[in-house]
Undergrad: 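My questions all concern the structure below.
Note that this is a predicted model, so its numbers are computed, not measured. To find a chain, count down the sequence lines: A is the first, B the second, and so on, and within it residues start at 1.
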Amino acid sequence: MPELPEVETIKRGLGKLLPGKCIANVTFDNPKSFPNAPGDVAKFLVGAKIVKVKRRAKVLLIDLDSKYTLVIHLKMTGQLVYVRTRELSLKTEDRRRKTKYSVPTERWGGGHPSDSLTGKLPDKSTRVVFSFADGSKLFFNDQRKFGWVRLLPTDEVPNIDFFKKVGPEPLSSKFTSREFAARLQRRKNTNIKAAILDQSVIAGIGNIYADESLWGAKIHPASLVKNLSIQKLNKLYEEIRYVLRLSIAKGGSTDRNYIDATGKKGSYLSFAKVFRREGQDCPRCGTKIVKIRVAGRGTHICPKCQKA
DNA sequence: CACTTGACCTGTCCGC
DNA sequence: TGCGGACAGGTCAAGT
């Protein structure tokens, strides 16, 4: 579920919280969540200081001063939540003992309680825990275990298969409608929804923003790319950039379990036009929104605005 | 090579 | 109430 706006929101949150933090310890329960950790954790992770937090496509990158980078993919149910520990006052043995044994971490989540998912961490979905020298922690939670964390030398990150083939950032000022249309031609015999979900065509779009941008451009998701006019593709380009920007401004979409670095939900879905709105009226023409299946995904359309 | 489908997982929801 | 099955969706491997 985390698509570009959600990962961007997490990046911005962690970018304010993590730089300068020194990693004191890393624990993980599920080897698949951190495939190459065992040998490299001690050498290049513990003792390293966080330099910068970045994003490329739906991937989060945390640069360390050890010339290594944590590469994190949240896939569908991944979360990265930062928890500040209760400020310790170590004046007396009593207070130290009380703090140590009773309240390892304070309530997590920021903002208004109704905006956050409440609970204690770690929980049963916690796969990796990064502990920092100041006592704060970063939890990588992932209910379905599709996500992963990898530790790679920073200069090798661009060489992994995913980054070698991934398409341009849709919100980059260098990304033009002309380039968008040109890149779509590699998938000209498939449907437009599959084409924009293809990360090698354009980075960062997932099911939510595919449906929203196709509605905005009045394109049926099953339309073959080769049958779409250049005007339609230009409109789609504009809509993709519009919905991604709007969602970032709203802190992303919380469908089931997305939360940001401080535990807060995103509010984009309350602005969504069709996603998860089957049975409701199309905001443009009033026709009932229907849910169909395209490219193997649940797909939401207005059958009147988006003709096949 | 282009394209489609299934696998990877776990939790939730729906119908019987 | 319990239970089986469908479904959720990002990416990759394997299939056509």
Undergrad: Can you check each nucleotide of nucleotides 11-16 of chain C against protein heavy atoms at under 4.0 Å and return B for base, S for sugar-phosphate only, - for none, in 5' to 3' order?
TA: BS----

Undergrad: Distance check needed: dC1(B) C1' versus Q185(A) CD, whole Å only.
TA: 16 Å

Undergrad: When the C1' atoms of dA6(C) and dG6(B) are considered, how many whole Å apart are they?
TA: 15 Å

Undergrad: Under 4.0 Å: is that the gap between some side-chain N or O of T190(A) and OP1 or OP2 of dA2(B)?
TA: no

Undergrad: Please give, in whole Å, the distance from dA8(C) P to D211(A) CG?
TA: 11 Å

Undergrad: When the ring planes of H73(A) and F162(A) are compared, do they come out parallel, tilted or perpendicular, using 30° and 60° as the limits?
TA: perpendicular

Undergrad: Using only side-chain N and O atoms of N189(A), determine if any of them is under 4.0 Å from OP1 or OP2 of dC3(B).
TA: yes

Undergrad: Strictly below 4.0 Å, heavy-atom distances to any atom of DNA chain C: list the hits from residues 271-278 of chain A, or just say none.
TA: F275(A), R276(A)

Undergrad: Is there a side-chain contact between T299(A) and L214(A), using heavy atoms and a 4.5 Å cut-off?
TA: no

Undergrad: Between E179(A) and K174(A), is there a salt bridge with N-O shorter than 4.0 Å?
TA: no

Undergrad: Look at K235(A) together with E238(A) and state whether they make a salt bridge at an N to O cut-off of under 4.0 Å.
TA: no

Undergrad: Output the pairing pattern of DNA chain C as a dot-bracket string, 5' first, Watson-Crick or G-U wobble with both distances under 3.5 Å, | for cross-strand pairs, [ ] for crossing pairs.
TA: .|||||||.|||||||

Undergrad: Please answer: with hydrophobic residues joined when any side-chain heavy atoms are less than 4.5 Å apart, are V59(A) and I208(A) in the same cluster?
TA: no

Undergrad: Give a yes or no on whether a salt bridge exists between E3(A) and K58(A), defined as a side-chain N under 4.0 angstrom from a carboxylate O.
TA: no

Undergrad: Does a side-chain N or O of R293(A) approach OP1 or OP2 of dA8(C) to a distance below 4.0 Å, or not?
TA: yes

Undergrad: If we only count heavy atoms from C-beta on, is the W215(A) to R284(A) side-chain gap below 4.5 Å?
TA: yes

Undergrad: Are F175(A) and Y237(A) an aromatic pair by the rule of ring centers under 6.0 Å?
TA: yes

Undergrad: To the nearest Å, give me how far apart NZ (K193(A)) and C1' (dT4(B)) are.
TA: 15 Å

Undergrad: Phosphate oxygens OP1/OP2 of dC1(B): is one of them under 4.0 Å from a side-chain N or O of K188(A)?
TA: no

Undergrad: Would you mind reading off the distance between D255(A) atom CG and dC7(C) atom P, rounded to a whole angstrom?
TA: 16 Å

Undergrad: Residues in side-chain contact (heavy atoms from CB on, under 4.5 Å) with T69(A), at least two apart?
TA: L61(A), D63(A), V71(A), T154(A), V157(A)

Undergrad: Quick one: does F44(A)'s side chain get under 4.5 Å of S66(A)'s, heavy atoms only?
TA: yes

Undergrad: Output yes when D142(A) and R127(A) qualify as a salt bridge under the 4.0 Å nitrogen-oxygen rule, no when they do not.
TA: no

Undergrad: Could you give the CG-to-C1' distance, from N191(A) to dC3(B), as a whole number of Å?
TA: 10 Å

Undergrad: Would you mind building the protein contact string for nucleotides 7-14 of chain B? One character per nucleotide, 5' to 3', B for base within reach (heavy atoms under 4.0 Å), S for sugar-phosphate only, - for untouched.
TA: -BBBS---

Undergrad: Kindly write out the residues that satisfy side-chain contact (heavy atoms from CB on, under 4.5 Å) with F132(A), not counting sequence neighbours, or none if the list is empty.
TA: L18(A), K21(A), I23(A), I50(A), Y82(A), F130(A), D134(A), S136(A), L138(A)

Undergrad: Verify the neighbour count for atom NZ of K49(A): are there more than 12 heavy atoms of other residues, nucleotides or ligands below 6.0 Å?
TA: no

Undergrad: Roughly how many Å apart are dA14(C) and dC9(B), using the P atom of each and rounding to a whole number?
TA: 15 Å

Undergrad: For a quick check of understanding: with a heavy-atom distance under 4.0 Å over all strands, which category does G206(A) fall into, base, sugar-phosphate or nothing?
TA: sugar-phosphate

Undergrad: Could you check how far CD1 of I292(A) sits from P of dC7(C), rounded to whole Å?
TA: 15 Å

Undergrad: Using modelled atom types only, decide if a donor and an acceptor are shared between the side chain of R241(A) and the backbone of P170(A) within a distance under 3.5 Å.
TA: yes

